[in-house]
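Read through the structure below, which is laid out as structure tokens, and then see the notes.
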Amino acid sequence: MKSKFTTSMFALFLGGLGIHRFYLGQNTLGIFYLLFCWTFIPALISVYDFFVFTFMSEDSFNYKYNLRSGF
């Protein structure tokens, strides 16, 4: 089961490399983050992702990212 807190911290500190996307199982997006990390655009997007994950309700996060794990 994926943690909302862990995802938020990955997005804040390692988001420019797409680590939070790999953690969520979104490998295609993670690869795009890695490919374009030298442009700093993924870093800006990951700051936005941090706020989205932080203010998302726990139920909404679980429904979107933990549905297959049987939360």
Side-chain angles (χ1 to χ4, degrees):
M1 194 161 140
K2 292 161 184 70
S3 166
K4 185 176 104 162
F5 177 76
T6 303
T7 305
S8 297
M9 292 299 105
F10 279 157
L12 183 63
F13 295 113
L14 299 171
L17 299 174
I19 303 301
H20 63 296
R21 294 299 176 179
F22 287 114
Y23 177 72
L24 291 174
Q26 299 172 336
N27 295 334
T28 306
L29 276 174
I31 290 171
F32 280 119
Y33 276 66
L34 277 176
L35 288 175
F36 293 103
C37 69
W38 60 275
T39 64
F40 295 107
I41 292 171
L44 295 174
I45 295 171
S46 67
V47 171
Y48 171 77
D49 287 342
F50 167 74
F51 286 110
V52 168
F53 292 134
T54 301
F55 293 114
M56 182 184 287
S57 72
E58 194 74 35
D59 291 334
S60 178
F61 181 85
N62 285 333
Y63 182 75
K64 190 168 185 178
Y65 300 109
N66 289 325
L67 191 59
R68 292 190 182 135
S69 65
F71 67 94

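Every value quoted in this text rests on a predicted model; they were computed, and no experiment measured them.
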> Can any side-chain N or O of Tyr23 pair as donor or acceptor with the backbone N or O of Ser3 at less than 3.5 Å?
Replying inline: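 Between the backbone of Ser3 and the side chain of Tyr23 there is a qualifying donor-acceptor contact (under 3.5 Å).
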> Would a distance-only check, ignoring hydrogens and angles, find a side-chain to backbone donor-acceptor pair under 3.5 Å from Ser60 to Ser57?
Replying inline: no
Roughly how far, to the nearest 0.5 Å, is [atom2] of [Y] from [atom1] of [X]?
X: Asp59; Y: Lys4; atom1: CG; atom2: NZ; answer: 9.5 Å
X: Leu34; Y: Leu17; atom1: CG; atom2: CG; answer: 6.0 Å
X: Phe22; Y: Thr28; atom1: CZ; atom2: OG1; answer: 9.0 Å
X: Asn66; Y: Glu58; atom1: CG; atom2: CD; answer: 8.5 Å
X: Asn62; Y: Lys2; atom1: CG; atom2: NZ; answer: 11.0 Å
X: Ile19; Y: Phe10; atom1: CD1; atom2: CZ; answer: 7.5 Å

Side-chain heavy atoms under 4.5 angstrom apart, residues restricted to Ile, Leu, Val, Met, Phe, Trp, Tyr: same cluster for [X] and [Y]?
X: Phe5; Y: Phe13; answer: yes
X: Leu35; Y: Leu29; answer: no
X: Leu14; Y: Val52; answer: yes
X: Ile31; Y: Trp38; answer: no
X: Val47; Y: Phe55; answer: yes

> Should the ring pair Phe61 and Tyr65 be called parallel, tilted or perpendicular, given that the plane angle runs from 0 to 90° and is split at 30 and 60?
Replying inline: tilted
> Do the two ring centres, one from Phe50 and one from His20, sit under 6.0 Å apart?
Replying inline: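 No, too far apart.
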> If you take all heavy atoms of Ser46 and Gly16, which pair is closest and at what distance?
Replying inline: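 Taking Ser46 first and Gly16 second, the nearest heavy atoms are OG-N, 3.7 Å.
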> Is any side-chain heavy atom of Tyr48 closer than 4.5 Å to a side-chain heavy atom of Leu44?
Replying inline: no
> Are any non-hydrogen side-chain atoms of Phe53 and Leu24 less than 4.5 angstrom apart?
Replying inline: yes
>> Pair Ile45, Phe32 - check side-chain contact (heavy atoms from CB on, under 4.5 Å), show working.
In response: CA-CA 12 Å; Ile45 295 171; Phe32 280 119; over 6 Å; no
